[in-house]
Amino acid sequence: MSPAAKVKDNGIAATRSLDVLIVGAGFGGLYQLHYLRKMGYKCKVVDNAGELGGIWYWNCYPGARVDSDIPLYEYSIEDLYKDWTWSERFPSWPELRRYFTYVDKKLDLSKDVELNTGVKAADFDIKRSRWNIHLSSGEVVDAKYFVLCTGFAAKIHIPDFKGMDNYKGIMHHTAKYPQDGIDLKGKKVCVIGTGASGVQTIQEVGPEVGHLTVLQRTPNLCLPMNQHKIDPAVEQRLKKEGDYERIFKYRRETFSGFDFDFSEKNGDDDTAEQKREFYKKLWAGGGFRFWLNTYKDLLFDKKVNDTAYEFWAEKTRARINDPKKKDILAPVLDKQPHTFGTKRPSLEQRYYEVYNQNNVNIIALKENPIDTFTEKGIKMKEGQELEFDVIILATGFDSVTGGLVQIDIKGTDVVTLADKWSKGTWTYLGMATANFPNMFFLYGPHGPTAFANGPTLVELQGDWIIDAIDYCEKNGKKTIDATTQSEAGWTKHVAELTDITLFPGTDSWYMGANIPGKPREALNYAGGIPRLGLDGRMKVMFR
Ligand SMILES: Cc1cc2nc3c(=O)[nH]c(=O)nc-3n(C[C@H](O)[C@H](O)[C@H](O)COP(=O)(O)OP(=O)(O)OC[C@H]3O[C@@H](n4cnc5c(N)ncnc54)[C@H](O)[C@@H]3O)c2cc1C
């Protein structure tokens, strides 16, 4: 199937020929490798990480753990789940790493994975209908298909704070945290940012450090995780009774790929008292239930949304002692930072109690912004000169599109992907983009990505991509490409669906609003998994 190796193109000799080059050794890339290899295709995975696991390699900051409860955050492959048991309902990053080691051993993946190897560029050779893929090692690989499983968080974002180079202490972004950690005991620590990574870091390090200062731009409307230990005997019984099989089937049918879905009810179907009872039940269930198992119009109707916000604020404010901290962390409804659920709420275990400790303070950056970094710390606009041994930048990512466009990819019209998407993103089904034939991506733009449980979505989209490649090979197709019409239709559909929700009203990374100059647009598909309707959607162009 593969043409001879050493194909000469653009003066660069490709040293290897593959059927498929897969970028990323996380849930998505390893799923592609396992099935495509089983089907007889010659594939390799490359990843610039030092181990398997995707984001769980990079995000080893204190307290990093998953927000999807088990067994949702794992592969649905029986051979894997039958012998694996997690220790906690929401596992932490070291356990995720152990899971990937286990998966590797069971599926014998590593022999086809090249770690510490990045993809820098790729160009499509029209004459041969193949990709030349340029690796960080200097090697050029020739492949018929180019599958980008680069996740939504491959490009970190650090705001352009004044004077950052002045600071002489220890400073790391959460996704570049040292693999062997930092001893924070007794240290003066600053965490900038209270998104998902910030919340997890703060609640973990607060009890351990000498002093913690949190710099918050927007309060995170955190939900109780309700973490607990897992009893392996119970899990074993559930597996025997077919529970896991049922969950893995059902998770492919729900909006977010979890084992629960939005209620059939609208908010107005319930009286105020009934609403309260309903919210109490969701709250007690823990996890994302208060967000994604709630009234089906909660993310569409501001009035209904307000009732959830009020419930959240009442519950949360009761946990914070200091009145000023209360207002910074959990403002009352008429000072709400945004509608509930239109920014990703984080799951927390003791986040708010940490602020009741004397060694923890919080500064609202909207009232008192950073003036400049200094040699010893940070000077605030109001004049305080704060000194820190360690600064942890929990400042997020150029999410969803950043990891893709930072690779210099040229399609059939020699326009780079970065140029094509510079004023807005165009995709078909959130898995292909016109004039980039034989190239697919998953868990990326215009898919349900950030609204979806990772493993569910990478399996669903992964199956579609595998089928598409197999279809081409079985039917002698040289290329598969999205048409510009199909791409325009999907892109319009993504925008229209988002426009009727409350999401556009909030500045968030869901809308690209966290990155200066990035187009403000819907990056995720608000129709959820069921409306994707991937079956029978092969409306693509074969040549
Ligand atoms: C801190 C954090 C917590 C999360 N928690 C949850 C959660 O609780 N539940 C949930 O469902 N999802 C969560 N997610 C989303 C998570 O990304 C997905 O669950 C899942 O990891 C997606 O798998 P993936 O294989 O698509 O991508 P990733 O796991 O992101 O893996 C992508 C891989 O591609 C590699 N890569 C990228 N670009 C290149 C390049 N140019 N060259 C070589 N290699 C490259 C990266 O190094 C990385 O290893 C979280 C994300 C983050 C950042």
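Treat the numbers as computed from the prediction; the structure is a model and nothing was measured. As the structure lists them, so they are numbered: ligands from 1, and atoms in each ligand from 1.
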| task | For Asp67, take its heavy atoms, then give the atoms of ligand 1 lying under 4.0 Å from any of them. | result | 7 (C), 8 (O)
| request: Please state which part of Tyr73 comes within less than 4.0 Å of ligand 1, counting heavy atoms only: side chain, backbone, both or neither. | output: side chain
| request: Using atom types as modelled and distance alone, determine if a side-chain donor or acceptor of His172 lies under 3.5 Å from a backbone N or O of Thr174. | output: no
| task | Indicate yes or no: does an N/O atom of Asn59 lie under 3.5 Å from an N/O atom of ligand 1? | result | no
| field | Close N or O approach (Phe27, ligand 1; < 3.5 Å) | value | yes
| request: Tell me which protein heavy atom sits closest to atom 38 (N) of ligand 1, plus the residue, atom name and distance to 0.1 Å. | output: Thr150 CG2, 3.4 Å
| note | Near Cys149 (heavy-atom distance under 4.0 Å), the atoms of ligand 1 are 32 (C), 33 (C), 34 (O)
| Side chains of Phe441 and Thr427 in contact at under 4.5 Å (non-hydrogen atoms) | yes
| field | Ligand-side contact atoms (ligand 1) for residue partner Gly118, heavy atom cut-off under 4.0 Å | value | 42 (N), 43 (C)
| task | Give the single entry among Val46, Ile55, Thr449 that approaches atom 51 (C) of ligand 1 most closely by any heavy atom. | result | Ile55
| task | Mark up the atoms of ligand 1 that fall under 4.0 Å of a heavy atom belonging to Gly28, in ascending order. | result | 24 (P), 25 (O)
| field | Proximal atoms of ligand 1 relative to Val23 (non-hydrogen, under 4.0 Å) | value | 39 (C), 40 (C), 42 (N), 43 (C), 44 (N), 45 (C)
| query | Which ligand 1 atoms, with their elements, are less than 4.0 angstrom from a heavy-atom of Ala153? | reply | 53 (C)
| message | For the residue pair Lys239 and Tyr244, would you count it as a cation-pi contact if the rule is NZ or CZ under 6.0 angstrom from the ring centre and within 45 degrees of the ring axis? | response | yes
| said: Give me the residue, atom name and distance of the protein heavy atom closest to atom 44 (N) of ligand 1. | reply: Asn48 N, 3.2 Å
| Under 3.5 Å between some N or O of ligand 1 and some N or O of Trp58? | yes
| Closest approach of any protein heavy atom to atom 46 (C) of ligand 1, naming residue and atom | Asp47 OD1, 3.5 Å
| query | Going by the order shown, which atoms of ligand 1 are within less than 4.0 Å of some heavy atom of Ala452? | reply | 11 (O)
| request: Using a strict cut-off of 4.0 Å, indicate which atoms of ligand 1 neighbour a heavy atom of Gly24. | output: 33 (C), 34 (O), 35 (C)
